[in-house]
Participant: 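Structure in structure tokens, see below.
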2 protein chains.
Amino acid sequence: MDTKAPRPRTRIQTEKRELILEAALEVFSAHGFRGSTIDQIADAAGMSKPNLLYYFRRKEEIHETLMQRLLDTWLAPLKELDDIGDPLTELRSYIRRKLEMARDFPRESRLFANEILQGAPRIKPMLEGELKSLVDEKAEVIKGWMRAGKIAKTDPWHLIFSIWATTQHYADFDVQVRAVLGADRGSDGRFEDAARFLEQLFLDGLRPRPDRQG
Amino acid sequence: MDTKAPRPRTRIQTEKRELILEAALEVFSAHGFRGSTIDQIADAAGMSKPNLLYYFRRKEEIHETLMQRLLDTWLAPLKELDDIGDPLTELRSYIRRKLEMARDFPRESRLFANEILQGAPRIKPMLEGELKSLVDEKAEVIKGWMRAGKIAKTDPWHLIFSIWATTQHYADFDVQVRAVLGADRGSDGRFEDAARFLEQLFLDGLRPRPDRQG
DNA sequence: CAAATTTTTGACCGATTGGACAAACGTTAG
DNA sequence: CTAACGTTTGTCCAATCGGTCAAAAATTTG
């Protein structure tokens with residue numbers, strides 16, 4: 001005999017769950033897990049607390065669902081880092097893609113940062129398993145490029161870290177970036193400036209070199 | 001007539017306040033402000049909650065005191081960035097100093113990261129005032145180096161951001177770094193590897209160049 | 001020593017929190 | 001229409017939280 005068949009999901013259930021997750025992303029990313037209350041999320045989703053708890057039985061369940069979705073989209077750019085094509089171009093577009101994600105999904109970035117900052121209590125196994133495997137695999141690809149003389153020889157793991165750090169910084173430390181750049185420069189051109197800077201940094205560094213064009 | 005003269009501090013007061021701040025740093029940096037309870041801090045400090053509240057009347061008072069101290073030590077390395085000496089050497093030692101701080105004061109780094117992540121509710125004025133001034137000033141110094149052809153021309157503000165991001169990453173995302181590097185490489189040599197990598201990144205970038213020595 | 005002052009504690013309080021629950025309401029299929 | 005099922009709400013609860021308070025204990029001062 002089979003155990004309880006999991007009921008199919010209603011139209012309303014699908015919609016409302018989506019609404020809740022969107023609201024929860026907003027709230028969790030701004031205040032962290034413990035800093036957020038079910039009431040806040042329910043408010044943001046335009047429903048009552050008991051109603052919200054009808055769709056997600058516990059606060060943790062919302063957070064878990066959110067994290068699972070997040071991780072897929074979050075690692076997608078790295079998965080796309082491929083051995084085909086010019087190495088420098090590949091890296092450059094990886095950096096650009098990560099920077100675009102920081103611009104377009106800052107809440108997701110902050111949700112992730114919050115989790116890691118607190119010691120990753122809920123996703124440590126994933127970090128040590130899935131994430132480590134993926135990074136190790138891509139590190140091998142990068143090592144290949146180095147052996148082939150296509151890019152400078154250096155530590156591929158720390159290279160990946162530095163790309164994560166510099167790009168996500170613009171989402172996670174957004175308030176600080178805005179404050180330092182000021183109202184004028186802190187707005188629209190910000191990400192284009194960052195993209196230009198990071199490209200130059202990762203390609204050529206700071207050591208002055210003779211102008212490559214007249 | 002003068003208003004209440006603020007009583008001088010007792011020996012016990014000085015000691016116990018220090019004990020509490022140390023405990024609070026541990027707890028706040030691990031769980032964030034809202035995620036931490038006075039009981040946790042009192043426990044970590046080896047005293048009862050009412051006893052702790054005898055030295056700091058409110059939870060926020062502990063956090064404020066902690067933040068004030070933090071900011072001084074946190075900005076010290078940037079303040080030391082001086083116009084004397086070789087620019088590349090100056091930048092290299094700034095990076096090294098920041099990396100050492102991430103290694104030696106990871107809790108302070110995480111406390112700061114927590115505050116910024118949540119939108120810097122308690123220190124935004126400082127970011128827009130003191131911090132912005134300091135960064136603007138140092139950006140001018142760096143611009144001078146660029147005009148003099150001592151380092152490559154690029155955006156000095158984003159350069160500073162990238163140094164902050166890459167170095168603090170090793171404190172704030174420590175769990176992730178450890179998980180990805182694994183138990184073996186995750187331990188001692190980690191910071192030396194990072195230092196070597198960052199030096200190479202910031203000086204020469206990734207574009208392959210002919211070996212500078214036989 | 002004794003008086004004054006500082007430090008520590010146990011008991012307590014009101015507010016907030018995550019969550020339970022049954023009853024009411026809405027929707028839909030036969 | 002009506003029975004069955006899905007949805008929503010008001011009310012309630014126990015636990016936890018930040019913080020108070022008076023009184024006990026320890027320390028300092030004369």
Side-chain angles (χ1 to χ4, degrees), chain A residues 4-67 111 114-115 118 121-122, chain B residues 4-67 111 114-115 118 121-122:
Chain A
K4 261 188 285 192
R7 307 273 158 81
R9 206 150 275 170
T10 312
R11 174 188 58 91
I12 297 189
Q13 271 167 8
T14 318
E15 290 172 5
K16 291 293 171 75
R17 281 176 64 96
E18 219 56 36
L19 215 101
I20 293 170
L21 288 173
E22 159 66 23
L25 175 60
E26 187 72 25
V27 176
F28 278 145
S29 68
H31 310 291
F33 180 76
R34 285 218 41 188
S36 307
T37 73
I38 300 184
D39 273 305
Q40 279 172 12
I41 301 174
D43 259 20
M47 62 179 71
S48 66
K49 179 168 70 170
N51 197 184
L52 182 149
L53 284 167
Y54 169 72
Y55 294 103
F56 291 90
R57 317 247 299 255
R58 0 190 96 262
K59 191 183 171 187
E60 289 214 342
E61 211 174 297
I62 312 176
H63 192 262
E64 275 170 30
T65 311
L66 226 38
M67 288 301 275
L111 181 67
N114 252 309
E115 172 72 9
Q118 323 264 310
R122 290 167 250 270
Chain B
K4 263 187 284 192
R7 306 274 158 78
R9 209 150 272 169
T10 314
R11 173 188 58 90
I12 297 188
Q13 270 168 7
T14 317
E15 290 172 7
K16 289 295 170 74
R17 281 175 65 97
E18 219 56 36
L19 215 101
I20 292 170
L21 288 173
E22 158 66 24
L25 175 60
E26 188 72 26
V27 177
F28 278 145
S29 68
H31 309 291
F33 181 76
R34 285 217 42 185
S36 307
T37 74
I38 300 184
D39 273 303
Q40 280 172 11
I41 301 174
D43 260 20
M47 62 180 72
S48 65
K49 179 169 68 171
N51 197 184
L52 181 150
L53 285 167
Y54 169 71
Y55 294 103
F56 291 90
R57 317 244 300 251
R58 2 190 95 264
K59 190 184 171 187
E60 289 214 342
E61 211 174 297
I62 311 176
H63 193 262
E64 276 171 28
T65 311
L66 226 38
M67 289 301 274
L111 181 67
N114 253 309
E115 172 72 10
Q118 323 265 313
R122 289 166 253 269

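As the structure is a prediction and not an experimental result, all values here were calculated from the model.
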Participant: If I compare all heavy atoms of Ile20(B) with all of Ala45(B), which pair ends up nearest, and what's the gap?
Facilitator: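 Taking Ile20(B) first and Ala45(B) second, the nearest heavy atoms are CA-CB, 4.3 Å.
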Participant: In whole Å, I'd like the distance from the CZ atom of Arg34(B) to the P atom of dT16(C).
Facilitator: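 Value for this atom pair: 11 Å.
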Participant: Are Arg11(B) and dT6(C) close enough that a side-chain N or O sits under 4.0 Å from OP1 or OP2?
Facilitator: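 No.
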Participant: What's the verdict on salt bridge (charged side-chain N to carboxylate O under 4.0 Å, His left out) for Arg122(B) and Glu115(B), showing C-alpha distance, side-chain angles and the deciding distance?
Facilitator: CA-CA 8 Å; Arg122(B) 289 166 253 269; Glu115(B) 172 72 10; 3.6 Å; yes
Participant: Could you work out which one of dG19(D), dT28(D), dT7(C) sits closest to the side chain of Tyr55(B)?
Facilitator: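 Between dG19(D), dT28(D), dT7(C), the one nearest the side chain of Tyr55(B) would be dT7(C).
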Participant: Please check if the side chain of Lys59(A) supplies one atom and the backbone of Phe33(A) the other of a donor-acceptor pair under 3.5 Å.
Facilitator: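 Checked: pair present.
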Participant: Taking only side-chain N and O atoms of Gln13(A), does any of them lie within less than 4.0 angstrom of OP1 or OP2 on dT7(D)?
Facilitator: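 Looking at the OP1 and OP2 atoms of dT7(D), one of them is under 4.0 Å from a side-chain N or O of Gln13(A).
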Participant: dT8(D), dT28(D), dT20(D): which one has an atom nearest the side-chain heavy atoms of Leu53(B)?
Facilitator: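 Per side-chain heavy atoms of Leu53(B), the pick is dT20(D).
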Participant: Is any side-chain nitrogen or oxygen of Ser48(A) closer than 4.0 Å to OP1 or OP2 of dT8(D)?
Facilitator: no
Participant: Measure from CD1 on Ile41(B) to P on dG19(D) and round the result to the nearest Å.
Facilitator: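 Interatomic distance, CD1 of Ile41(B) to P of dG19(D): 10 Å.
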Participant: Give a yes/no on whether any side-chain N or O of Asn51(B) is located under 4.0 angstrom from OP1 or OP2 of dT9(C).
Facilitator: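 Yes, because at least one side-chain N or O of Asn51(B) sits under 4.0 Å from OP1 or OP2 of dT9(C).
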Participant: For Lys49(A), which contact category applies under a 4.0 Å heavy-atom criterion: base, sugar-phosphate, or nothing?
Facilitator: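 Answer is base: heavy atoms of Lys49(A) come under 4.0 Å of a base.
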Participant: In this structure, how many angstroms lie between the C1' atom of dT8(D) and the CD1 atom of Ile12(A), rounded?
Facilitator: 11 Å
Participant: Considering only dT9(C), dT7(D), dA20(C), which nucleotide approaches the side chain of Tyr54(A) most closely?
Facilitator: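 From the listed options, dT7(D) comes nearest.
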Participant: Rounded to whole Å, please give me the gap between CD in Glu60(B) and P in dC17(D).
Facilitator: 17 Å
Participant: What's the CG-P distance between Leu19(B) and dT7(C), to the nearest Å?
Facilitator: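 So the two atoms are 14 Å apart, to the nearest Å.
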Participant: Can you check whether Arg58(A) has a side-chain N or O nearer than 4.0 Å to OP1 or OP2 of dG18(C)?
Facilitator: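 No, because none of the side-chain N or O atoms of Arg58(A) sits under 4.0 Å from OP1 or OP2 of dG18(C).
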Participant: Using a cut-off of strictly less than 4.0 Å, decide whether Thr10(B) has a side-chain nitrogen or oxygen near OP1 or OP2 of dT6(C).
Facilitator: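 For dT6(C), neither OP1 nor OP2 has a side-chain N or O of Thr10(B) closer than 4.0 Å.
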Participant: Testing Lys16(A), Glu18(A), Glu61(A) for side-chain contact (heavy atoms from CB on, under 4.5 Å) with Tyr55(A), which one passes?
Facilitator: Lys16(A)
Participant: dT16(D) C1' sits how many Å from Asp43(B) CG, rounded?
Facilitator: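 Those two atoms, CG and C1', are 14 Å apart.
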Participant: Between dT7(C) atom C1' and Arg9(B) atom CZ, what is the distance in whole Å?
Facilitator: 15 Å
Participant: If only atom types and distance count, is the side chain of Thr37(B) paired as donor or acceptor with the main-chain N or O of Gln40(B) below 3.5 Å?
Facilitator: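 Checked: pair present.
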Participant: Looking across every strand, which nucleic acid part, if any, lies under 4.0 Å from Ile38(B) by heavy atom: base, sugar-phosphate, or nothing?
Facilitator: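 The residue Ile38(B) makes sugar-phosphate contact but no base contact.
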Participant: Expressed as a whole number of angstroms, how long is the span from Lys59(A):NZ to dA20(C):P?
Facilitator: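 It is 14 Å, rounded to the nearest whole Å.
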Participant: Which listed nucleotide (dG19(D), dT9(C), dT8(D)) is nearest to the side chain of Pro50(B)?
Facilitator: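 That would be dT9(C).
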